[in-house]
2 protein chains.
Amino acid sequence: MGIRLMLADDHRMLREGLRRSMTDQGFDVVGEARDGDEAIHLAEDLQPEVILMDVTMPEVDGVEATRQIKERFSDIKIVMLTMHADREVLAAAIRAGASGYLVKDCSTQEIADAVRMAASGETALSPQLAASMLAEVRKLDQPSRDEDRVITKREEEVLQLIANGCSTGEVAEQLYISQKTVKNHLASIYQKLDARDRTQAVLQAVRMGIIHLD
Amino acid sequence: MGIRLMLADDHRMLREGLRRSMTDQGFDVVGEARDGDEAIHLAEDLQPEVILMDVTMPEVDGVEATRQIKERFSDIKIVMLTMHADREVLAAAIRAGASGYLVKDCSTQEIADAVRMAASGETALSPQLAASMLAEVRKLDQPSRDEDRVITKREEEVLQLIANGCSTGEVAEQLYISQKTVKNHLASIYQKLDARDRTQAVLQAVRMGIIHLD
DNA sequence: AAGGAAATGATCCGAACGGCCTATACGGTC
DNA sequence: GACCGTATAGGCCGTTCGGATCATTTCCTT
């Protein structure tokens, strides 16, 4: 029999397609998980050689599931699947211990190759995510590096709290700083984001993806 | 030969899986498109009976592509595929003229059934999106009717201008009304949206889809 | 004809906001 | 050691904001 493979994806359509493709490629698909939690438990029971794991799944996402599985069963290789080439997610996946990272828009052959490479201990990245990225990723390994950061971490905290509905005073309380400091941070934010009040600052930050709406 | 089917999805993996599944189910897969633009052109050339169209695609999204295809070739049936059950998108898809709406987490059999139903003029919705939704959607079909409108048209104008960066005075100028009236509208908005200041009001309105970020 | 919602407008007032200036402390970098 | 950015904090001041209350007109529905 071929390499013992397990699938983890919350979309049945994709699981079915993968199971057929991978079986045809000579792999032994020993199980399918519908979410990250199930993936963790099934990995323990089935002990597959390689797991093809989707990034976005209910309950526990693929990255976290990967982290937990690699923590307990470090010889299980995990190839991540994702819809879109996202550097942040790629970095997180590599950090979590993934042996590969594939964009779903790749051929059956490419997936099969990646699984075989993973099984033999190599790392496979989607052709779309060239090797050039790898270096960058290693560098960018530290959680949200300081370069190209528009506003500072503290300013971001302030802005996020404002977006969450806090007033200046409430932000000060939550961060254990004075109202004046909060206003200082805001003034700095206004400059950096080219905003003239908190409303514009928050909107601009949302547009730029700096902060998130609940 | 079976029903002439065309696929439109930007993920090759999904296209390959679908092509195999649908071919097995007796359909005649006559073409595949990688984005909305290609889907529109291929639909014209191939004149398929049914198109399985992903919602999220580059260039032109599935909903817009559906709208354009139905506008010119109203007898081509389109079944939308989506990753997640989203009422807003569902409503948009139905408005655009889609004959079906499937969540990707459904079986090959369900997809095949939906395609057959679409071909015979019926509307198929994912079991996950019960028929109960349909009524709601049809009701909500007219572009922003007055009922169940949270804030009035005027209030919406005010809020949109605030979101665009206007101060109270600037809103007043643009709408040819006094600052006081703007403040009155805002006060009314705060009540309705459960906000205590313009920042929260705008954010809440964005969350609710009442206003849009540039 | 009556009632109600929407849009318009006003006054008063306290609280919040934003601009401006200054200052200290800490951590890096040159 | 000097310098720069960040985080902290204070004061001052004029502007803006939001709450409360009230009035007028128009339009739509009852």
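Predicted model, so just to flag it, every value in this text is computed and none were measured. Throughout, protein chains are lettered first and strands after them, A, B, ... in sequence-line order, and every chain is numbered starting at 1.
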Report the nucleotide, chosen from dC17(C), dT6(D), dA6(C), that has the shortest atom-to-atom distance to any side-chain atom of K192(A).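 Among dC17(C), dT6(D), dA6(C), the one nearest the side chain of K192(A) is dT6(D).
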Among all residues two or more places apart in sequence or in another chain, which pass the salt bridge (Lys or Arg N to Asp or Glu O under 4.0 Å) test with E16(B)?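 For E16(B), no residue satisfies salt bridge (Lys or Arg N to Asp or Glu O under 4.0 Å) once neighbours in sequence are set aside.
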What pair of heavy atoms forms the shortest contact from R196(A) to G165(B), and how long is it?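 In this case the closest contact between R196(A) and G165(B) is NH2-O, 2.7 Å.
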Return no unless some side-chain N or O of Y190(B) is found under 4.0 Å from OP1 or OP2 of dG19(D).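 No.
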What closest approach, in Å, do T168(B) and Q179(B) show between heavy atoms, and which atom pair accounts for it?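 Shortest heavy-atom separation between T168(B) and Q179(B) comes out as CG2-O, 3.9 Å.
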Can you tell me if E64(B) uses its side chain to pair, donor with acceptor, with the backbone of V60(B) under 3.5 Å?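 Absent.
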What is the distance, rounded to the nearest whole Å, between atom CG of L186(B) and atom P of dA20(D)?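 So the two atoms are 15 Å apart, to the nearest Å.
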What's touching nucleotides 7-11 of chain C from the protein side, N or O pairs under 3.5 Å?
residue, atom, partner, partner atom, Å
dA7(C), OP1, R154(B), N, 3.3
dA7(C), OP2, T152(B), OG1, 2.5
dT8(C), OP1, R154(B), NE, 3.0
dT8(C), OP1, R154(B), NH2, 2.6
dT8(C), OP2, R154(B), NE, 3.0
dT8(C), OP2, H185(B), NE2, 2.7
dG9(C), OP2, S178(B), N, 2.6
dG9(C), OP2, T181(B), OG1, 2.9
dG9(C), O5', T181(B), OG1, 3.4
dG9(C), N7, N184(B), ND2, 2.6
dG9(C), O6, N184(B), ND2, 3.1
dA10(C), OP2, S178(B), OG, 3.4

Rounded to the Å, how far apart are Q191(B) CD and dC17(D) P?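 Result: 19 Å.
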Over all heavy atoms of both residues, which pair between D9(B) and R15(B) is shortest? Give the atoms and the distance, please.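 Answer, listing the atom of D9(B) first, then R15(B): O-NH1, 2.7 Å.
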Sorted by first residue and then second, give each salt bridge (charged side-chain N to carboxylate O under 4.0 Å, His left out) pair with at least one member in residues 171-194 of chain B; sequence neighbours left out.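 Qualifying pairs, neighbours excluded: E155(B)-K192(B).
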Could you pull out the protein-nucleic contacts involving nucleotides 28-30 of chain D (nitrogen or oxygen on both sides, under 3.5 Å)?
none

Work out how much the helix from dA1(C)-dT30(D) to dC30(C)-dG1(D) bends between its end axes, five pairs an end, to the nearest 10 degrees.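 Helix axis angle between the two ends: 50°.
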For DNA chain C, find the residues of residues 160-174 of chain A with a heavy-atom distance under 4.0 Å and give them by number; none if there aren't any.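 Close to the strand are T168(A).
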For the pair E157(A) and K153(A), find out whether any cationic side-chain nitrogen is under 4.0 Å from an anionic carboxylate oxygen.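 No, no charged N to carboxylate O under 4.0 Å.
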Is there a donor-acceptor pair under 3.5 Å between the side chain of E49(B) and the backbone N or O of R4(B)?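 Checking the backbone N and O of R4(B) against the side chain of E49(B), a donor-acceptor pair under 3.5 Å is found.
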OP1, OP2 of dC17(C) versus side-chain N and O of R198(A): anything below 4.0 Å?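 Checking dC17(C) against R198(A), a side-chain N or O does come within under 4.0 Å of OP1 or OP2.
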